[in-house]
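Structure record follows, encoded as structure tokens.
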Amino acid sequence: MNNFRLRSINMLDIKQMIASILEKEIPTLDDETIYNMLEYPPEDNMGDVALPCFKLSRILRKSPVQIAEELVNKIPSDPRIEKVESLSGYINFFLNRQEFIKEVVSTALRDKNKYGSRDIGKGKNIVIDYSAPNIAKPFHIGHLRSTAIGNSLYKIFEFLGYNSIGVNHLGDWGTQFGKLIVAYKRWGSKESIENGGIKELMDIYVEFHDEAEKDPSLEDEARQWFVKMEKGDKEALELWQWFKEISLKEFNRVYELLDVRFDSHAGESFYEDKMPPVIEELKEKNLLTESQGAMIVDLEEYQMPPCLIIKNDGSTLYATRDITAAIYRKDTYDFEKCLYVTGAAQSLHFNQWFKVIELMGYDWHDKLVHVPFGIVSLGGEKLATRKGKVVLLEDILSEAIKKTLRIIEEKNPNLENKEEVARQIGVGAIVFSDLSSNRIKDVSFSWDEILNFDGETGPYVQYTHARTSSLLKRAEENVDIGFDASLLSSKEEFQLVKTLYLFPDKLVAAMDELEPSIITRYLVDLAQDFNRFYHEHPILVEDKDLRQARLALVLAVKYALANGLKLIGLNAPERV
RNA sequence: GCGCCUGUAGCUCAGCUGGAUAGAGCAACGGACUUCUAAUCCGUAGGCCAGGGGUUCGAAUCCCUUCAGGCGCGCCA
């Protein structure tokens with residue numbers, strides 16, 4: 001999504017600052033080019049921003065070492081820069097630390113819970129399709145990915161000024177309901193379903209598949225029930241509605257725990273009556289061809305298998321629904337982008353129907369974006385609802401909450417509202433873990449790993465945030481931008497500020513790459529730098545000026561941690 | 001068979017718009033609580049960046065190729 005890409009959005013952009021100085025000294029290059037050549041050096045003794053001169057070598061026909069040395073001497077002194085050095089072909093810029101610290105910390109203190117936010121998406125709508133569980137099937141660990149990634153993207157776009165529209169495209173239509181009706185009539189009862197909820201529905205669904213292997217006529221029966229649903233049969237629709245209610249009740253319980261909300265729940269059934277005109281349109285545009293009794297859009301020209309629109313029995317498919325839904329959403333929301341947060345296994349499907357939208361002549365086809373993620377496996381095996389091989393998300397969340405409560409009882413038994421804090425941290429641990437590696441990687445579910453609260457975890461970052469709160473509460477004094485930055489002179493403090501400085505850029509990178517894990521990992525870095533600082537330097541010291549300066553840094557970090565946590569869908573409790 | 005994705009420390013992963021000695025966490029071992037919450041911090045150990053070619057002043061990063069794993073490839077979503 002390169003059209004989201006911006007240069008740094010920092011008010012204080014140190015690369016920009018240095019690029020504009022260099023531009024005057026290197027007339028052959030514009031500041032844009034120089035800007036992109038600048039990098040952050042790996043070691044402290046190499047300064048804070050560096051320009052490798054190797055590429056200049058060819059243009060200027062001199063050795064990189066020579067170029068670096070000559071340029072260093074030409075660069076005029078600047079109050080924002082402490083010194084400039086040349087080292088083996090690099091020009092290393094050392095910032096005026098005091099000024100840099102002042103600027104970065106003050107910005108955070110001024111912006112507070114808006115720190116890092118922007119209005120670059122002002123007036124633009126982003127539709128995000130995520131979660132989308134199937135009715136009557138359990139909400140398992142695999143569904144968490146779509147939910148967590150989508151929810152986080154929702155918040156990131158909002159924070160950067162877009163108007164996000166969250167859509168839960170519920171899987172609430174299809175032949176599986178026919179199967180459920182058959183199963184219910186044979187093995188279910190009103191009471192058992194009322195009591196057992198989705199677990200009971202799943203059990204009879206699994207039973208259906210077991211029995212259907214022996215008796216294939218059950219499949220026909222199921223299909224007939226689905227046909228009845230489509231024809232508006234009262235009994236069928238009442239059962240469907242009932243299954244849906246039971247499922248939604250449970251889903252909502254999970255969404256409540258996760259703090260996830262949607263702006264629309266228009267699912268598959270919503271598009272039932274909207275498909276015929278779209279099919280008509282496909283016909284009019286001469287895109288449909290008959291093949292083996294079905295209607296398809298041929299995509300051979302584009303090196304893809306055909307996109308199936310209508311089955312040979314006349315019923316529609318998911319591509320039909322997705323095409324219809326996309327057109328509906330474009331009409332309804334006039335989106336800048338419409339994101340589909342679903343598994344990587346569906347890539348081909350999305351490429352196919354995106355192409356169909358293009359062939360229909362819609363110029364907004366390039367605003368549709370599939371946001372794929374890797375699969376969750378369980379001990380190396382794929383999760384399969386039909387086999388009953390699942391780990392329910394609710395079970396994982398409640399285990400994590402229980403564990404958190406035990407830790408609180410042990411470490412901080414006098415904590416107020418333990419239950420709520422335990423929920424925030426327990427759930428946070430799970431969500432954080434799910435958002436900590438690149439979306440595309442497959443993950444293997446492990447109880448040990450997901451219930452680990454040490455190291456690079458949600459509880460670690462939340463704990464660090466609570467530390468900042470605790471310090472500020474104990475201090476009981478006003479912290480403002482009047483602090484003396486020259487007192488923050490240690491390497492831990494400077495390192496912490498350097499990391500803090502990156503926060504706004506990380507948000508843009510996360511949006512640009514549609515990758516919440518960029519924020520998750522950043523928070524770990526920031527928390528690590530903070531904890532080192534915390535360990536090394538007492539904050540609540542006697543000296544008022546020093547205390548004020550350190551508290552200002554603590555508060556600035558607190559804003560970044562809290563805002564970052566919020567953007568990946570976690571709470572930031574004041575006390576743990 | 002064709003296509004897409006992945007392969008970095010024992011494990012889980014960063015780093016991939018090429019740049020300075022490849023970084024974290026977990027696990028292991030050794031340290032640090034009379035002091036702001038030890039869900040913390042410090043140290044030790046652990047790498048032919050899957051293999052092989054190429055491009056380049058410079059490759060974990062780009063290109064080609066081989067291997068391994070995952071996923072997909074017409075009436076499920």
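Owing to the predicted nature of the structure, the values given are computational and were not obtained by experimental measurement. Letters A, B, ... mirror the listed sequences (proteins, then strands); counts begin at 1.
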Original post:
Any chance the side chains of A/S446 and A/D448 put a donor and an acceptor closer than 3.5 Å?
Top reply: no

**OP:** Quote, to the nearest angstrom, the P distance that separates B/U66 from B/G46.
**Re:** 36 Å

Original post:
Toward the 5' end of RNA chain B, which comes first, A/R521 or A/L415, by nearest nucleotide?
Top reply: A/R521

Subject >> Pair partner, B/G7 [Watson-Crick or wobble, under 3.5 Å] >> reply: B/C67

**OP:** Please check if the distance between the ring centroids of A/F243 and A/F177 is under 6.0 Å.
**Re:** no

Original post:
Which base sits across from B/U55 as a Watson-Crick or G-U pair, both distances under 3.5 Å?
Top reply: none

**OP:** Determine the contact category for A/N351: base if any of its heavy atoms lies under 4.0 Å from a base atom, sugar-phosphate if only primed atoms, P, OP1 or OP2 are that close, otherwise nothing.
**Re:** nothing

Original post:
Within the structure shown, what part of the strands sits under 4.0 Å from A/L471 by heavy-atom distance: base, sugar-phosphate, or nothing?
Top reply: base

Original post:
For residues A/H370 and A/T342, is any side-chain donor paired with an opposing acceptor at under 3.5 Å?
Top reply: yes

Original post:
Can B/C5 be described as syn, meaning its chi torsion is within 90° of 0, or is it anti?
Top reply: anti

**OP:** Would you indicate, yes or no, if B/C41 has its OP1 or OP2 atom less than 4.0 angstrom from a side-chain nitrogen or oxygen of A/Y460?
**Re:** yes

**OP:** Classify the side-chain pair A/Y35/A/D30 by whether it contains a donor and acceptor separated by less than 3.5 Å.
**Re:** no

Original post:
With respect to the side chain of A/Q528, which nucleotide from B/C41, B/U37, B/A77 is positioned closest?
Top reply: B/C41

**OP:** Rounded to the nearest angstrom, tell me the gap between atom CD1 in A/I518 and atom C1' in B/G15.
**Re:** 12 Å

**OP:** Tell me whether the OP1 or OP2 atom of B/A38 has a side-chain N or O from A/Y534 closer than 4.0 Å.
**Re:** yes

**OP:** Give A/S291 one of three labels, base, sugar-phosphate or nothing, depending on what nucleic acid heavy atoms sit under 4.0 Å from its own.
**Re:** base

Subject >> Cation over ring face, A/K83 and A/F93, 6.0 Å, 45° >> reply: no

**OP:** For A/I91 and B/A20, give me the distance from atom CD1 to atom P, rounded to whole Å.
**Re:** 17 Å

Original post:
What does B/A32 pair with, Watson-Crick or G-U, if both distances are under 3.5 Å?
Top reply: B/U40

Original post:
Just checking A/N312: base, sugar-phosphate only, or nothing, at a heavy-atom cut-off of under 4.0 Å?
Top reply: base

**OP:** Would you mind reporting whether A/R575 and A/N417 have side-chain heavy atoms less than 4.5 Å apart?
**Re:** no

Tabulate protein N/O versus nucleotide N/O from nucleotides 5-9 of chain B, keeping only pairs under 3.5 Å, one per line.
| residue | atom | partner | partner atom | Å |
| --- | --- | --- | --- | --- |
| B/G7 | OP1 | A/K441 | NZ | 3.1 |

**OP:** Go through the structure and list residues passing side-chain contact (heavy atoms from CB on, under 4.5 Å) with A/H537, not counting sequence neighbours.
**Re:** A/S490, A/E492, A/F533, A/R550

Original post:
Base, sugar-phosphate, or nothing for A/D298, non-hydrogen atoms under 4.0 angstrom?
Top reply: nothing

Original post:
With a cut-off of under 6.0 Å to the ring centre and 45° to the axis, is A/R467 in cation-pi contact with A/Y534?
Top reply: yes

Original post:
When all nucleic acid strands are considered with a 4.0 Å heavy-atom cut-off, which category describes A/V524: base, sugar-phosphate, or nothing?
Top reply: nothing

Original post:
Considering only the C1' atoms, how many Å lie between B/G15 and B/G47, rounded to the nearest integer?
Top reply: 14 Å

**OP:** Can you see which heavy atom on A/P41 is nearest to which on A/A50, and at what distance?
**Re:** CG-CB, 3.8 Å

Original post:
Between B/C36, B/U40, B/C73, which one does the side chain of A/R467 approach most closely?
Top reply: B/U40

**OP:** Look at all strands and tell whether A/E43 reaches a base, only sugar-phosphate, or nothing, counting heavy atoms closer than 4.0 Å.
**Re:** base

Original post:
Which base sits across from B/A60 as a Watson-Crick or G-U pair, both distances under 3.5 Å?
Top reply: none

Original post:
Which one, B/C75, B/U37, B/A77, comes nearest to the side chain of A/L308?
Top reply: B/C75

Original post:
Which of the following nucleotides, B/A77, B/G74, B/A20, is nearest to the side chain of A/I296?
Top reply: B/G74

Original post:
Nearest to the side chain of A/P42 - B/C73, B/A77, B/A20?
Top reply: B/A20

**OP:** Pick base, sugar-phosphate or nothing for A/E268, based on heavy-atom distances below 4.0 Å to the nucleic acid.
**Re:** sugar-phosphate

**OP:** Please work out if A/A294 contacts a base, only the sugar-phosphate, or nothing of the nucleic acid, heavy-atom cut-off 4.0 Å.
**Re:** base

**OP:** Scan A/L551 against the nucleic acid and name what it touches under 4.0 Å (heavy atoms): base, sugar-phosphate only, or nothing.
**Re:** nothing

**OP:** Using a 4.0 Å heavy-atom cut-off across all strands, classify A/Q346 as base, sugar-phosphate, or nothing.
**Re:** base

Original post:
Can you tell me the Watson-Crick or wobble partner of B/C48, both distances under 3.5 angstrom?
Top reply: none

Original post:
Does any N or O donor sit under 3.5 Å from an N or O acceptor when you compare the side chain of A/D525 with the base of B/A14?
Top reply: no

Subject >> Of A/V443 and A/L540, the one whose closest RNA chain B nucleotide lies more 5' >> reply: A/V443

Subject >> Closest nucleotide among B/G74, B/G15, B/C73 to the A/L348 side chain >> reply: B/C73

Subject >> Selection: residues 51-66 of chain A, any non-hydrogen atom under 4.0 Å of RNA chain B >> reply: A/F54, A/K55, A/R58

Original post:
The side chain of A/K311 lies closest to which of these nucleotides: B/U37, B/C76, B/U12?
Top reply: B/C76

**OP:** May I ask you to say what A/H537 touches in the nucleic acid, namely base, sugar-phosphate or nothing, with a heavy-atom cut-off under 4.0 Å?
**Re:** base

Original post:
What is the nucleic acid contact for A/R575, judged by heavy atoms within less than 4.0 Å: base, sugar-phosphate only, or nothing?
Top reply: base

Original post:
Have A/D525 and A/T499 got a donor and an acceptor in their side chains that come within less than 3.5 Å?
Top reply: no

Subject >> Distance, rounded to the nearest Å, where A/Y318 contributes OH and B/C73 contributes C1' >> reply: 10 Å

Original post:
So, A/R547 and A/E477, do they make that salt bridge, N to O below 4.0 Å?
Top reply: yes

Original post:
Between B/G69 atom P and A/I375 atom CD1, what is the distance in whole Å?
Top reply: 15 Å

Original post:
How many Å lie between CD on A/E536 and P on B/C41, as a whole number?
Top reply: 12 Å

**OP:** Classify the side-chain pair A/Y460/A/N531 by whether it contains a donor and acceptor separated by less than 3.5 Å.
**Re:** yes

**OP:** Determine the interplanar angle of the A/H143 and A/F139 rings, folded into 0 to 90°, and report it as parallel if under 30°, tilted if 30 to 60°, perpendicular if over 60°.
**Re:** tilted

**OP:** For the side chain of A/N531, starting at C-beta, report the closest nucleotide among B/G74, B/U37, B/U40.
**Re:** B/U40

**OP:** Output yes when at least one side-chain N/O atom of A/N36 is less than 4.0 Å from OP1 or OP2 of B/U17, else no.
**Re:** no

Original post:
In whole angstroms, how far is the P atom of B/A20 from the CG atom of A/N45?
Top reply: 13 Å

**OP:** Counting heavy atoms from C-beta on, name the nucleotide in B/C42, B/A77, B/C71 closest to the side chain of A/R532.
**Re:** B/C42

**OP:** Return yes if the base of B/G25 and the side-chain atoms of A/T457 contain a donor-acceptor N/O pair under 3.5 Å, otherwise no.
**Re:** no

**OP:** Searching all strands shown, indicate the nucleotide that pairs with B/A20 (Watson-Crick or G-U wobble; both distances under 3.5 Å).
**Re:** none

**OP:** Figure out the CZ/P separation between A/F432 and B/G25, and round it to whole Å.
**Re:** 13 Å

**OP:** Decide if atom NZ of A/K491 counts as having more than 12 heavy atoms of other residues, nucleotides or ligands within a radius under 6.0 Å.
**Re:** no

Subject >> Watson-Crick or G-U counterpart of B/C73, or none if no pair lies under 3.5 Å >> reply: B/G1

Subject >> Nucleotide B/G74, atom C1' - distance to CE of A/M295 in whole Å >> reply: 14 Å

Original post:
Touch check for A/S470, heavy atoms < 4.0 angstrom, all strands: base, sugar-phosphate only, or nothing?
Top reply: base

